[in-house]
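Within every chain, numbering begins at 1; the chains are lettered A, B, ... in the order of the sequence lines, protein sequences first and strands thereafter.
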Amino acid sequence: MEIVLNPLLNGFVYGMLLFMLASGLTLIFSMMGVLNFAHAGIYMIGAYVAFDMSRLIGFWAALIVAPLVCAAIGAGIEVWGLRRTHHNGHIAELLFTFGLFFIIERGVQMVWGMLPVPYRVPALLDFPLFRLYGVDFPAYRAFMLLIAGGMLLAIRLLLTRTRVGLIIQASLTHPQMVSSLGHNVPRVFTLVFAGGCYLAGLAGVIGGNYQVTEPAMAASLGPIVFVVVVFGGLGSLSGCFVSSIVIGMVQTFAVSIDGSLADLLGPIVAWIGTDNLAGEILSIPVSRVGPLLPYAMMVGILMFRPRGLMGTRDT
Amino acid sequence: MADHANILAVRDLHAYYGKSHILQGVALDVNEGEIVSLLGRNGVGRSTTCKAIMGLVEAHGDVTFRGRSVTGMRTDLISRAGIGYVPEDRQVFPTLTVRQNLELGLRRSGIFGRWNFDDVFRLFPNLQQRQNNPAGVLSGGEQQMLTICRTLMGDPDLILIDEPTEGLAPRMVEQVGVLLAEIAKRGIAILLVEQKLTIALKISHRLYVMGHGRIVFEGTPADLDADTSVQREWLEV
Ligand SMILES: Nc1ncnc2c1ncn2[C@@H]1O[C@H](COP(=O)(O)OP(=O)(O)OP(=O)(O)O)[C@@H](O)[C@H]1O
Ligand SMILES: [Mg+2]
């Protein structure tokens with residue numbers, strides 16, 4: 001039981017964190033067709049800004065302000081950057097956000113240096129909530145779940161209960177029709193882009209001290225978020241949610257399993273022997289293959305089910 | 001109808017898709033409360049004309065609505081100026097309910113003009129029954145009614161309707177005819193794009209025939225009915 005339950009909880013927390021990043025990215029991608037490479041960069045900004053702010057004005061104020069800073073940056077990127085490049089097609093937009101990512105990453109490194117910064121969990125939440133099979137479950141993780149769950153609920157309500165939400169949903173599939181009905185679609189795009197960046201920033205604020213706030217944090221998380229988006233399917237927030245949790249679990253479980261396929265298939269491997277290729281592959285520990293799994297899932301889904309888990313159209 | 005004021009004037013409209021010159025100087029007029037049809041074969045540029053008027057494709061020339069130039073304006077502002085548009089591929093919002101689709105036709109929530117939910121549901125009881133179903137599951141005919149009604153909710157003074165009868169069963173075609181008559185009765189001008197003469201001859205005050213990116217005929221239904229050479233050369237009869 002203990003080898004399942006703890007990774008299960010951690011996988012869920014990590015999955016929720018992924019969802020906060022991926023939900024914004026999915027909305028942006030589905031609506032504008034822009035695969036925003038800079039998205040993880042915003043996550044990074046969220047974490048670093050929160051680190052600075054929590055020393056100045058405290059963690060709780062940072063929790064409010066840092067995501068707003070990210071939203072403002074996002075709005076700026078959309079209005080002054082993407083709208084211009086949009087006329088030159090998706091490739092131009094893609095390259096634009098690609099460049100932006102590196103500007104952000106290098107910029108952060110210039111300002112905060114090449115070493116991890118000591119961004120810590122606030123003292124108020126720095127205690128074990130409960131013990132599970134001899135492992136502490138930190139209160140901060142429960143807090144992350146609370147924030148992420150709250151955000152999930154807020155997005156749902158916003159999208160399904162408000163007029164703006166309906167306009168966003170309609171723009172996901174038929175932006176031209178929406179503007180023909182008299183709605184300002186470019187403004188909706190800005191709003192969604194800023195909202196997505198708000199969520200990414202918030203994920204940075206609560207994830208930066210859960211993981212480590214360091215110069216490579218965006219580069220290591222970014223690709224995973226893409227996997228989540230593609231795996232979940234375009235235009236589907238539910239797909240994105242399921243896929244976030246699945247990928248979160250896969251990553252967490254994979255690193256916590258020490259064994260290899262060979263342990264499972266003992267007799268067969270004994271028969272094949274470990275001195276040939278097949279035997280060697282089978283005896284690689286799962287924890288070493290783990291990091292590769294999400295990408296294998298993405299490649300697989302692109303080949304066999306290009307619309308993703310619950311997508312409304314092909315990637 | 002000639003004594004009615006002009007509501008839409010299109011002059012020397014040009015549009016390109018890449019290098020192909022699709023609209024080559026289109027000119028047409030619609031007067032207040034008038035039903036005008038724009039006819040022509042496949043691919044002559046009728047839909048592109050509508051899109052150009054709505055600012056959905058880049059175009060050069062002059063589009064004047066109620067005496068004000070709307071050329072180069074943003075689509076939502078053109079729409080808010082009072083032009084409604086129903087595209088040929090219908091474009092219902094499939095994940096939203098029938099009622100939510102209509103709701104998005106409103107310029108502002110809760111503000112109604114000549115059309116409200118009751119009008120729509122009285123005309124199409126089917127839509128009322130299915131008002132809480134996702135619009136994506138409606139039949140083709142129901143979707144067509146929904147898109148027209150959705151645009152009407154915004155209370156336009158002029159509505160551009162692109163091939164509303166395409167692919168519909170005869171009974172549904174009749175319903176479209178009834179709806180168009182109802183729209184005209186409320187004083188809304190209609191620019192109707194059609195391929196066949198069926199309803200166009202019956203309900204239009206004036207008709208234009210388009211061929212290869214320009215207007216090749218203009219006249220009344222009687223004029224067109226008599227002109228077999230235009231029919232033979234530019235229309236499918
Ligand atoms: N997005 C596009 N890119 C390139 N060419 C296009 C595009 N849309 C239309 N065309 C071309 O422009 C021409 C005019 O198209 P348009 O849709 O206006 O025709 P139409 O008169 O509405 O006919 P129909 O609706 O029967 O196709 C056609 O030759 C069509 O192939
Ligand atoms: Mg057409």
Side-chain angles (χ1 to χ4, degrees), chain A residues 23 26-27 30-32 78-79 83-84 86-89 155-192 232-241 307-314, chain B residues 18 47 50-58 73-111 113 134-136 143 146-156 159-162:
Chain A
S23 53
T26 292
L27 282 181
S30 321
M31 208 159 161
M32 315 192 213
E78 208 280 325
V79 173
R83 252 183 227 185
R84 278 164 200 263
H86 180 75
H87 300 289
N88 305 323
I155 301 175
R156 253 219 102 69
L157 290 179
L158 178 85
L159 282 180
T160 57
R161 296 288 158 82
T162 69
R163 192 172 158 82
V164 163
L166 295 184
I167 294 175
I168 292 174
Q169 280 195 60
S171 310
L172 285 178
T173 49
H174 299 100
Q176 293 207 328
M177 190 66 234
V178 175
S179 47
S180 302
L181 291 173
H183 306 295
N184 187 344
V185 172
R187 199 175 62 197
V188 174
F189 279 6
T190 310
L191 208 71
V192 168
L234 281 189
S236 164
L237 272 181
S238 330
C240 175
F241 179 71
R307 61 182 41 202
L309 229 42
M310 304 183 188
T312 50
R313 61 171 191 268
D314 287 357
Chain B
S47 300
C50 295
K51 288 180 192 157
I53 294 171
M54 288 309 291
L56 291 169
V57 298
E58 208 181 305
M73 256 165 68
R74 229 170 49 208
T75 301
D76 56 303
L77 297 177
I78 296 177
S79 162
R80 277 173 189 269
I83 309 183
Y85 170 53
V86 183
E88 61 188 329
D89 45 1
R90 299 190 186 137
Q91 307 209 5
V92 299
F93 307 132
T95 55
L96 304 191
T97 66
V98 167
R99 199 184 172 88
Q100 286 171 333
N101 266 269
L102 292 170
E103 177 75 33
L104 286 193
L106 293 172
R107 311 275 191 220
R108 292 178 64 188
S109 182
I111 310 244
Q143 292 196 6
L146 178 61
T147 44
I148 298 177
C149 292
R150 180 178 63 189
T151 297
L152 290 174
M153 295 297 272
D155 199 23
I159 184 167
L160 318 177
I161 311 184
D162 197 350

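No side-chain heavy atom of Q176(A) sits under 4.5 Å from any side-chain heavy atom of T75(B). Using a 4.5 Å heavy-atom cutoff, the side chains of L104(B) and V178(A) are not in contact. Using a 4.5 Å heavy-atom cutoff, the side chains of L157(A) and T162(A) are not in contact.
For L106(B), the parts lying under 4.5 angstrom from a heavy atom of chain A are both the backbone and the side chain. For L96(B), the part sitting under 4.5 Å from any heavy atom of chain A is the side chain, from C-beta outward, and nothing else. Contact annotation for V86(B): neither backbone nor side-chain heavy atoms come within less than 4.5 Å of a heavy atom of chain A.
A donor-acceptor pair under 3.5 Å is absent between the side-chain atoms of R74(B) and the main chain of S179(A), judged by distance alone.
Comparing K51(B), R150(B), E103(B) by heavy-atom pairs within less than 4.5 Å of chain A, the highest count is held by R150(B). Ranked by heavy-atom pairs under 4.5 Å with chain B, the list H174(A), H183(A), Q169(A) is led by H174(A). Looking only at heavy-atom pairs under 4.5 Å with chain A, the residue among S109(B), G154(B), G105(B) that has the most is S109(B).
Every residue two or more places apart in sequence or in another chain was checked for a salt bridge (Lys or Arg N to Asp or Glu O under 4.0 Å) with R84(A), and none qualifies.
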